[in-house]
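Everything on this sheet refers to the single structure shown next.
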Amino acid sequence: MPEDLVADEAMRDIDHVGRLARAHDKVLRALAERTTVVPARLGSLYPSRQAVAAMLDRHRGELSAALDSLSGRSEWGLKVYRGPTETAPAPRADALQTGTAYLRRRQAERRQREADQDAAARMVADLHRAVAAAAHATVTRPPQHPKVSGVRAPMLLNAAYLVDVAHQETFTAVVRDLADRHREEGLRVQLTGPWPPYSFAGSPEGL
């Protein structure tokens, strides 16, 4: 069976992919503790050492620039969730005196939900700008579905930040302060890291 077909079938096995991802991350973390790394995408395959050498030669300029950009920096991940909000109990059927009153109530509820969503979006945008100001670079991604994130609350922000190692204490302090400030407003902030700079390595030939 061709090598690429074997690899393709293996990557469809979720448990196998999970083991590969953990091993991949373990190697990168160990290397990142000793030197600057440009992480390769999980599943990047080369048939021989010669093929790897040829790829490195073709992308020497890009990889050198990436090493310069990532030197002394690590990645931090930030997710912001909308916390639970209290909902007024639905009125009993005998409390709905007219169809008009019911429709007005539903319209008022919809306007309130939209206003709450707009307010949350503004808070998250302000939070992201403040965190980004303490970082060297940032990348935002679409929010994850609860089945992926493992959190039932809706995700409002899914971002990564490239941070100077020398400034990471300041960076994490900024995030903690913002998390405390917005907790009473219904936002839950989740910070992870430091990680190898997966989100900032570029992608020549899948790297």
Side-chain angles (χ1 to χ4, degrees), residues 11-22 24-25 28-29 32 38-44 66 69-70 73-88 106-164 167-168 170-203 206-207:
M11 294 302 283
R12 294 176 186 172
D13 182 333
I14 295 177
D15 291 336
H16 179 66
V17 172
R19 290 191 296 271
L20 287 177
R22 288 189 291 272
H24 184 257
D25 182 66
L28 286 174
R29 281 174 172 272
V38 179
R41 187 177 63 185
L42 178 64
S44 301
S69 176
L70 301 177
R73 298 181 174 122
S74 57
E75 177 173 330
W76 291 77
L78 184 69
K79 293 180 173 63
V80 179
Y81 300 91
R82 180 73 178 276
T85 57
E86 294 185 0
T87 303
R106 294 301 300 270
Q107 290 172 348
E109 290 175 345
R110 186 182 68 251
R111 287 194 292 269
Q112 185 60 53
R113 285 196 301 270
E114 292 172 349
D116 290 345
Q117 290 170 355
D118 289 344
R122 289 193 295 271
M123 285 190 292
V124 170
D126 290 342
L127 184 151
H128 173 59
R129 281 194 291 270
V131 176
H136 177 75
T138 182
V139 172
T140 56
R141 303 186 182 88
Q144 295 174 332
H145 189 277
K147 289 183 178 179
V148 177
S149 69
V151 178
R152 294 181 61 182
M155 185 183 295
L156 304 182
L157 178 67
N158 183 15
Y161 304 86
L162 186 64
V163 179
D164 290 343
H167 300 156
Q168 64 183 20
T170 300
F171 174 82
T172 55
V174 167
V175 175
R176 284 196 302 270
D177 179 66
L178 290 167
D180 291 341
R181 190 185 310 171
H182 291 293
R183 185 175 293 111
E184 293 183 358
E185 297 166 331
L187 297 184
R188 174 185 168 188
V189 177
Q190 182 185 68
L191 180 67
T192 60
W195 306 96
Y198 294 104
S199 301
F200 303 92
S203 57
L207 281 173

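These values consider heavy atoms only, across backbone and side chains, with no hydrogens, waters or symmetry-generated copies. Just so you know, residue 1 is the first one in the sequence shown, and it goes up from there.
- By the salt bridge (charged side-chain N to carboxylate O under 4.0 Å, His left out) test, Arg188 is found to be paired with no residue, residues two or more places apart in sequence or in another chain being considered.
- You'll find the side chain of Pro154 stays beyond 4.5 Å of the side chain of Tyr81, heavy atoms only.
- Under the rule for a side-chain contact (heavy atoms from CB on, under 4.5 Å), the partners of Ala137 that lie at least two apart in sequence or sit in another chain are Leu162, Phe200.
- Note on residues 174-184: pairs passing side chain to side chain donor-acceptor pair (under 3.5 Å), not counting sequence neighbours, are Asp177-Arg181, Asp180-Arg183, His182-Glu185.
- Looking only at side-chain heavy atoms (C-beta outward), Val131 and Leu178 come within less than 4.5 Å of each other.
- For the side chain to side chain donor-acceptor pair (under 3.5 Å) condition, the pairs that include at least one residue of residues 141-153, sequence neighbours left out, are Arg141-Ser199.
- Contact annotation: the side chain of Leu191 approaches that of Phe171 to within less than 4.5 Å [non-hydrogen atoms, C-beta and beyond].
- Expressed to the nearest 0.5 Å, how far NZ of Lys79 lies from CG of Leu157 amounts to 9.5 Å.
- Every pair tested for salt bridge (Lys or Arg N to Asp or Glu O under 4.0 Å) that includes a residue from residues 130-139 fails, sequence neighbours excluded, so the list is empty.
- Here the closest heavy-atom approach between residue Val189 and residue Ala179 is recorded as CB-CB, 3.7 Å.
- Pairs engaging residues 124-134 under the side chain to side chain donor-acceptor pair (under 3.5 Å) rule: Asp126-Arg129, His128-Tyr161 [sequence neighbours left out].
- By the side chain to side chain donor-acceptor pair (under 3.5 Å) test, Thr170 pairs with no residue at all, sequence neighbours left out.
- Of all heavy-atom pairs between Ala160 and Thr138, the closest is O-OG1, 3.0 Å.
- Note that the CD atom of Glu75 and the OG1 atom of Thr192 stand 8.0 Å from one another [nearest 0.5 Å].
- Using a 4.5 Å heavy-atom cutoff, the side chains of Pro196 and Arg29 are in contact.
- When every heavy atom of Asn158 is checked against every heavy atom of Pro143, the shortest pair comes out as CB-CA, 4.2 Å.
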